[in-house]
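Take a look at the structure below.
We name chains A, B, ... by the order of the sequence lines, and we start the count at 1 in each one. Values in this document were obtained by computation on a predicted structure and should not be read as measured data.
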Amino acid sequence: MLWRRSLTTKLDFFFTSPSKFQFSTLVHNQESSFQPLPLTKEAFAEALQSCRSHTHQLKQIHGLLLTTGLSIKNSLLTCLLSNLTVLGNMSYARKLFDDMHKPRIFLWNTLIKGYSKNRIFVEAVLVYREMRLVGVRPDSFTFPFVVKACGELPEKWIGSGVHAHVVKFGLEFVAMVRTELMLMYVGFGELVLADLLFQSMFERDLVSWNALIASLVQNGHASKALALFRQMSIAGVKPDAATIVSVFSGCGQLGCLEIGEEIYRVARKEGIDCNIIVENARLDMYVKCGNADKARNLFEKMSKRNHISWSTMILGYAINGESEKALALFSRMQKDDVEPNNVTYLGVLSACSHAGLVNEGRAYFDYMTQSDDKNIRPRKEHYACMVDLLGRSGHLEEAYKFINSMPIEPDYGVWGALLGACAIHKNVEMGQHVADRIFQLSPDIGSYHVLMSNMYAAAGRWDYVDKVRLKMRKKGVKKVAACSSVECKGEFHVFYGGDRSHPQSLLIYEKLDQLLKDMRSIGYIPKTNSVFHDVETEEKEATVSAHSEKLAIAFCLVNIQPEFPIRVMKNLRICDDCHTFSKYVSKLTMREIIIRDKIRFHHFRNGLCSCKDFW
DNA sequence: CTAGGGTTAG
C-alpha cells in the first residue's frame with residue numbers, strides 16, 4: 001500500500017483542472033479506494049490520449065510510468081512522444097527518445113515527424129541521418145516528413161539525396177512519398193521534375209491532385225495550376241472543396257475573372273460552393289480581380305462569415321479605392337462582435353493609406369498599440385503601413401521619427417515604405433539616407449535600387465543613375481522585368497515592355513500609334529522622367545510608349561467588346577505616364593479600364609482614376 | 001503503430 005500512497009500524491013495534478021482534462025480511468029482508480037485497481041497500460045493510454053495540453057503533466061505521467069514498474073510498451077511511448085511533439089516540446093521529446101533502448105522504427109518516425117511539424121527542418125533531416133547511421137531501415141512512413149523537411153532547406157542537393165534514398169528503398173511509388181517529393185520539387189522551382197513524378201504515378205488519388213495544384217498556386221505558378229485543373233477534369237476526377245479553393249486562389253493571383261466564374265459553376269454543380277472556406281476564396285478572387293461589386297454581393301449573402309471573410313472584404317474595398325466603405329465595414333464588423341485580428345487591421349490601415357486619411361490612420365494605430373489583445377498589437381507590417389501612410393501623404397519627417405521610435409527593430413520593409421514616399425515627394429536627400437539603411441539590411445533587393453535610380457533620374461542626376469546601375473551590375477542585382485497580363489476569352493496573354501512577340505503585334509502597335517496621336521491632339525504629353533538613361537527625348541518617348549500596360553490596353557481595345565471593361569494585371573507599380581495614358585484612353589474611347597498594379601487597383605472611367613491620382 | 005491537399009496579410 002505504500003506505493004499506492006506515493007502514487008496518490010503524484011496524481012494530485014490530475015485534480016487541478018478536472019473539467020479540462022478527463023483522466024477518467026486513472027482518477028477512478030484512485031477514488032474507489034476500497035478496492036484499489038492496478039495502474040494498467042490501458043489506464044495510461046487513456047490518460048495520455050486525453051492529456052495533450054501541458055508538458056508538465058506529460059512529464060509526470062512519464063515519471064509515474066517509470067515508478068510502476070510496468071513494462072513500458074512501445075505504444076505508450078509513441079503516444080507520449082507524439083503528444084510531446086504536438087505540444088512543441090522537442091527538447092523533452094528528444095530526451096525521452098534518447099533514454100529509449102533501441103527505439104523501433106515508428107519511434108524514429110514520430111521524432112522526425114515532430115521536428116518537421118515544429119519546423120525544425122535541419123534537425124528532422126539530421127535524425128534521419130542518425131537513424132541510417134545506426135542501421136535502421138526507413139519505411140514509407142519515414143519519408144513523407146523527411147522529404148517535406150528537405151523541401152524547406154536552402155540546400156537543394158540534400159533533397160535530391162533523400163530522393164535517391166527513396167528510390168534505393170523502393171518507396172518511390174508510394175503515393176504519399178511521391179506526393180511529398182512533388183511538393184518539394186515545386187518549392188525548388190523544378191516544375192518539369194515535379195510534373196514528371198506526377199504524370200508517372202500509378203495511383204493518383206484526389207489528394208495528390210490537390211496537393212500539386214495547391215503547391216503550384218502557393219509558389220506563384222497559378223497558370224500551371226489551372227492547366228493541371230483542366231487536366232484533372234479531362235481525366236474525369238471530380239474536384240472537392242480543397243481543389244476549388246486552390247484554383248480560386250490561382251484565379252485571383254492571375255486576375256482571371258472569366259475562368260474563376262467558370263470554376264464557380266463547376267463548384268455549384270458539384271454542390272461544394274457553400275463551404276465557408278470556398279466562399280472566402282471566391283470572395284478573395286473577386287477582390288483580386290478588381291470586382292468589388294461581385295465581392296460585396298457574395299459577402300452580403302454568405303450564409304456564414306468569419307474574420308477572414310470580413311478582413312478580405314475590408315482589404316478588397318481598400319485596394320479598390322473605396323476606403324470609406326472599408327472603414328464603414330470595419331465598424332459594422334465590430335458591431336457584429338466579430339473579433340478583428342492583425343490582418344484585419346492591415347486592411348484598415350491600408351484603406352487609410354490609399355485614401356490619405358492620416359488622422360484616422362493614426363487613431364487606429366494608437367488603438368492597436370494600446371490594446372490588451374496580443375493579436376492586435378502592431379507588427380512590422382503595421383509599422384510599414386503607417387510609414388507608408390505618413391510618408392505618402394507628405395509627412396516625411398514624421399515618418400522618419402516614427403521609425404526611430406519603433407519598439408521593434410525596423411526591417412527593410414519599413415524603410416522601403418519610407419523610400420517609396422521619398423520617391424513620390426522627390427526628396428533625394430532623405431532617399432539617399434534611407435537607401436543606405438536598406439542596403440545595410442538587405443543589399444540585393446532590385447526594386448529599391450531601381451527606385452533610387454528613378455529618383456536620381458527624375459532629379460536629373462545622371463551621374464548617380466550610372467553609379468546605381470554600376471553597383472547593381474557589380475553585385476549581380478537583377479531588376480524584375482515589368483510585365484502586364486490580360487485574360488481574353490479564357491486565354492491568358494502576357495506582355496513585356498517593348499514586346500513584339502505577340503502574334504497580333506503589328507495590330508497592337510498600330511492601335512497604340514493611333515491612340516497616341518489622338519491623345520496628343522487633346523493635350524496628352526508623354527512623361528519620360530522615369531526612364532533609366534540620359535538619352536534623347538524621342539528615344540525616351542519610344543521606351544515609355546511601349547510599356548507593357550500600354551501594349552496590354554491596346555491589345556484589349558483590338559480584341560475585347562466595348563461593353564466589357566478592360567482589365568490589366570501588372571507585376572510592378574504603374575508608372576506616372578501609363579497612369580495619365582490610361583486616363584486619356586478611358587476618356588477617348590469611353591471604355592472602363594481597370595489596372596491592378598503591385599499593391600492596388602486603378603479604375604479609370606471617363607478620364608478619371610479611382611485612386612484620385614494619389615498612389 | 002504513425003501519413004499527404006484548402007481561405008485573408010507578409
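- The side chain of Gln218(A) lies closest to dG6(B) when the candidates are dG6(B), dT8(B), dA3(B).
- Within the 4.0 angstrom heavy-atom criterion, only backbone atoms of the sugar-phosphate kind lie near Ser246(A); the bases stay farther away.
- The distance from atom CG of Asn109(A) to atom P of dA3(B) is 9 Å, rounded to the nearest whole Å.
- No side-chain donor-acceptor contact under 3.5 Å links Asp388(A) to the backbone of Ala384(A).
- Side chains of Asn320(A) and Asn291(A): no donor on one and acceptor on the other come within 3.5 Å.
- When heavy atoms are screened at a 4.0 angstrom cut-off, Asn342(A) is found touching no nucleic acid atom at all.
- Computed from coordinates, the Glu203(A) CD to dG4(B) C1' distance equals 12 Å when rounded to whole Å.
- Distance from the side chain of Thr110(A) is smallest to dT2(B) among dT7(B), dT2(B), dG4(B).
- Closest of all the heavy-atom pairs between Tyr383(A) and Pro407(A) is OH-CD, 3.2 Å.
- A salt bridge is defined here as a Lys NZ or Arg NE, NH1 or NH2 lying under 4.0 Å from an Asp or Glu carboxylate O, and Arg573(A) with Asp597(A) meets this definition.
- Closest to the Ala175(A) side chain, of the nucleotides dT2(B), dT7(B), dG4(B), is dG4(B).
- Here the side chain of Ile308(A) is nearest to one of dG10(B), dT8(B), dT2(B), namely dT8(B).
- Residue contacts shown for Ala242(A) include a base, since a base heavy atom lies under 4.0 Å away.
- In this structure, Ile112(A) atom CD1 and dA3(B) atom P are separated by 12 Å, rounded to whole Å.
- Rounded to an integer number of Å, the gap from Arg178(A) CZ to dA3(B) P is 22 Å.
- Side chain of Glu180(A), nearest nucleotide from dG4(B), dT2(B), dT8(B): dG4(B).
- In this structure, Phe141(A) packs face-to-face on the six-membered ring of dT2(B), meeting both the 5.5 Å centre cutoff and the 30° plane limit.
- At whole-Å resolution of the value, CZ in Phe330(A) and C1' in dA9(B) are 15 Å apart.
- Between Lys117(A) and dG4(B), a side-chain N or O to OP1/OP2 separation shorter than 4.0 Å is present.
- Following rounding to the nearest Å, Tyr345(A) (OH) and dA9(B) (P) show an atom-to-atom distance of 18 Å.
- Residue Lys148(A) is in sugar-phosphate contact alone, with no base atom involved, counting any heavy-atom pair closer than 4.0 Å across all strands shown.
- Thr142(A) places a side-chain heavy atom less than 4.5 Å from the side chain of Met131(A).
- Listed pair Lys288(A) / dA9(B) meets the phosphate criterion, a side-chain N or O lying under 4.0 Å from OP1 or OP2.
- The pair Arg94(A)-Glu130(A) meets the salt-bridge criterion, with a side-chain N (NZ, NE, NH1 or NH2) lying under 4.0 Å from an Asp/Glu carboxylate O.
- Within the 4.0 angstrom heavy-atom criterion, only backbone atoms of the sugar-phosphate kind lie near Ala214(A); the bases stay farther away.
- When the nucleotides dG6(B), dG4(B), dT7(B) are ranked by their closest atom to the side chain of Ala281(A), dT7(B) comes out on top.
- Counting any heavy atom pair closer than 4.0 Å across all strands shown, Ile277(A) reaches a base atom.
- Electrostatic pairing of Glu409(A) and Arg437(A) does not count as a salt bridge here, judged by no charged N lying under 4.0 Å from a carboxylate O.
- Distance CG (Asn306(A)) to P (dT8(B)): 12 Å, rounded to an integer number of Å.
- In terms of phosphate contacts, Lys113(A) brings a side-chain nitrogen or oxygen within less than 4.0 Å of OP1 or OP2 of dA3(B).
- Here Phe248(A) lies out of heavy-atom contact (under 4.0 Å) with every strand.
- Contact annotation for Asp284(A): backbone-only contact, meaning every heavy-atom pair under 4.0 Å involves sugar-phosphate atoms and none involves a base.
- Taking 3.5 Å as the limit, the base of dG6(B) and the side chain of Asp240(A) contain no donor-acceptor pair of atoms between them.
- When heavy atoms are screened at a 4.0 angstrom cut-off, Ser311(A) is found touching base atoms of the nucleic acid.
- Side-chain atoms of Met176(A) lie closest to dG4(B) of the nucleotides dT8(B), dG6(B), dG4(B).
- The separation between Phe97(A) atom CZ and dT2(B) atom P is 17 Å, rounded to whole Å.
- Distances were taken from every side-chain heavy atom of Ser208(A) (C-beta onward) to each of dT2(B), dG4(B), dG6(B); the shortest belongs to dG4(B).
- As judged by a 4.0 angstrom heavy-atom cut-off over every strand, Val278(A) is placed among the base-contacting residues.
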